[in-house]
Structure formats: structure tokens, C-alpha cells
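The structure under discussion appears below in the form of C-alpha cells.
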Amino acid sequence: MRAWSGVGAAYAASYADLCAGTGDAIIRALGPARSRPLLDVGSGTGALGALLADAGWTVTGCEPEQTMREVSALQHPELDVRDGALPSLPFPDASFDAVTANFVINHVPDPRASASEMARVAKADATLVATIWTVSPSWFWAAVCERAGLTPRPGQRLPADKDFERSATGFGRMLSEGGWHAVEVSEITWAWHAPVAALWASAEGGVASAGAFYLALGAGDRELFRQAFDAYCEENAEDGAVILEHTAAVAVGRAR
């Protein structure tokens, strides 16, 4: 999770919009809200929490990164957001009628323990929903690096006993091993019309692995990276945006 330290404003200006693309699928998976209590784990800048509140849920967010919470407080002051992170949440057993984690499980140090913790804070037969990328934004930055003649650092993998296959099938199997019941996983694909300025804000602001890679470069390599980025976007942008296709796995299960 260190890759997200201090990036709240840059994330809000860039990938927050992309990650909100699963919102409708999550709302459908949750079913009727009826003002019931819901916990959004890894709530980030509050975009999903706001959608869930608009759908009728009484939302509590939980987010470990202070700059994310600060942006959430500014953009969505109606949300109650607490400091906390998987796999140890600051809530009693059986506190919520639903628990969500949007693009969070793929970043935690122990995915199965995190799945179990989501189930712990959920009431009996509560709905659990989590998402991961199966085709992530990393392909765009790999293309930029290739054009720049730069070699991205390999992503840090979890130890073999903690990791899981980053596919719909592997995701569902891991959640079942973590204690979820009746797990069903579907995939959704959509195109993000990513403003060029937003993409660059994510790199310059150090968001995720691509941003961390850019900030770690020396001045000369940063210039090569920027030139490659500009050239790629000039060739592929339409009306100031690059159309990027992504795929997410959406898992739905029960706490008990």
C-alpha cells in the first residue's frame, strides 16, 4: 500500500474516474439498499461511497491513506470515513449489511485474511462485493515505456502462499478460501475516455506503479518518458482523450 502514500489529489484527478466504472455493477450486485449500513473498504476519495449513498445505502468508508481521506472530506463531506485498512478493520463483528472493496484486494499483503476480515464485520448472510483488474491500466504505461526505451521494474509479487491467480476464476477461488460463501464472479469491460491531462497527472503525481516508476527516474529518463507519453497520446488521442479499454472481475458472495 506504500505506492499510494501522498497521492490523494493526483488519484482524484486521474484514476478515481476509471475505478468508479464498476459502480453500477456493484450497486446491482448489492440489491435493495433500504438505508441499511454498508462498509466500503479502501474507500479512497469517496467516489464509490457517494454512488452507494445515492443508491440508498448508509455508507461508512474505511481508508488508511490520509490524503485520500482529505480529498474525500472535501468532495463528499456527507460520508463518514474512518482510518483503517485490511486485514484488520476497526469495527466489531457483524456490523454491516453489506461490505464492498473496489480494487483493494489486489493491493493487500494477505488477500485471504482480508476476505475473511470483510466477512467478519458483515452480518449473517450479508452481501460481500469485491473487484480486481484482469486487464489493468498498466498496459498503457508499458507501451509508453517501450517507446521511451525504458524498462519498467517488475511489479512486487506476494509470497506464493499469499498470492492468487489474477483472473476471474482465481479471484473467486481465493475469496472462497478466505471464507466467502456462494461466490460468483463476472467480468465487465468498458472504455475509459481518459483525458490526456488526467493520465499525466497520475504519472507526475506518483499514482500506482507507473507513477512510482516515473518519480524514481532521473531527469534525463523522465524527459524520455514524457516525450514518449506525448507522442503516444498525439497518435491515439481523440478530442483530448485516449480511449482505454479495461476489464474488471466483480465477485459477489455471502458472509456466512
*With sequence neighbours excluded, what pairs up with W200 under the ring pair (Phe, Tyr, Trp, His ring centres under 6.0 Å) test?*
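With neighbours one apart ignored, the set is Y214, F229.
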Tell me if a side-chain donor or acceptor on [X] pairs with a main-chain N or O of [Y] at a distance below 3.5 Å.
{"X": "R69", "Y": "G8", "result": "no"}
{"X": "E117", "Y": "L89", "result": "yes"}
{"X": "R82", "Y": "C62", "result": "no"}
{"X": "W133", "Y": "H246", "result": "no"}
{"X": "T189", "Y": "T247", "result": "no"}
{"X": "E65", "Y": "G6", "result": "yes"}
{"X": "R34", "Y": "G56", "result": "no"}
{"X": "R256", "Y": "A122", "result": "yes"}
{"X": "D163", "Y": "R157", "result": "no"}
{"X": "T22", "Y": "A25", "result": "no"}

*Listed partners of D221 passing side-chain contact (heavy atoms from CB on, under 4.5 Å), at least two apart*: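 If we apply the side-chain contact (heavy atoms from CB on, under 4.5 Å) test to D221, skipping adjacent residues, the hits are L150, L217, L224.
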*Results of side-chain contact (heavy atoms from CB on, under 4.5 Å) for R112 - residues two or more places apart only*: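 For R112 the side-chain contact (heavy atoms from CB on, under 4.5 Å) partners, ignoring immediate neighbours, are D110, F164, M174, E177.
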*Please identify each residue that fulfils side chain to side chain donor-acceptor pair (under 3.5 Å) with S95, with sequence neighbours left out.*
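With neighbours one apart ignored, the set is empty.
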_side chain to side chain donor-acceptor pair (under 3.5 Å) partners of D239, counting only residues at least two apart_ =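 Applying side chain to side chain donor-acceptor pair (under 3.5 Å) to D239 gives none.
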*Name all pairs fulfilling the ring-ring contact (aromatic ring centres under 6.0 Å, His included) condition that reach into residues 6-29, sequence neighbours left out, sorted by first residue then second.*
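Output for this query lists W4-Y11, Y15-W192.
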*For atom CD of Q75, decide whether the heavy atoms of other residues, nucleotides or ligands shown that lie under 6.0 angstrom number more than 12.*
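Result for CD/Q75: enclosed.
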*Would you please test T134 and E187 for side-chain hydrogen bond (donor to acceptor under 3.5 Å, both in side chains) and show each step?*
CA-CA 8 Å; T134 52; E187 287 187 295; 2.8 Å; yes
*May I ask you to decide whether D230 forms a salt bridge with R226, counting only side-chain N to carboxylate O separations under 4.0 Å?*
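Answer for the salt bridge query: yes.
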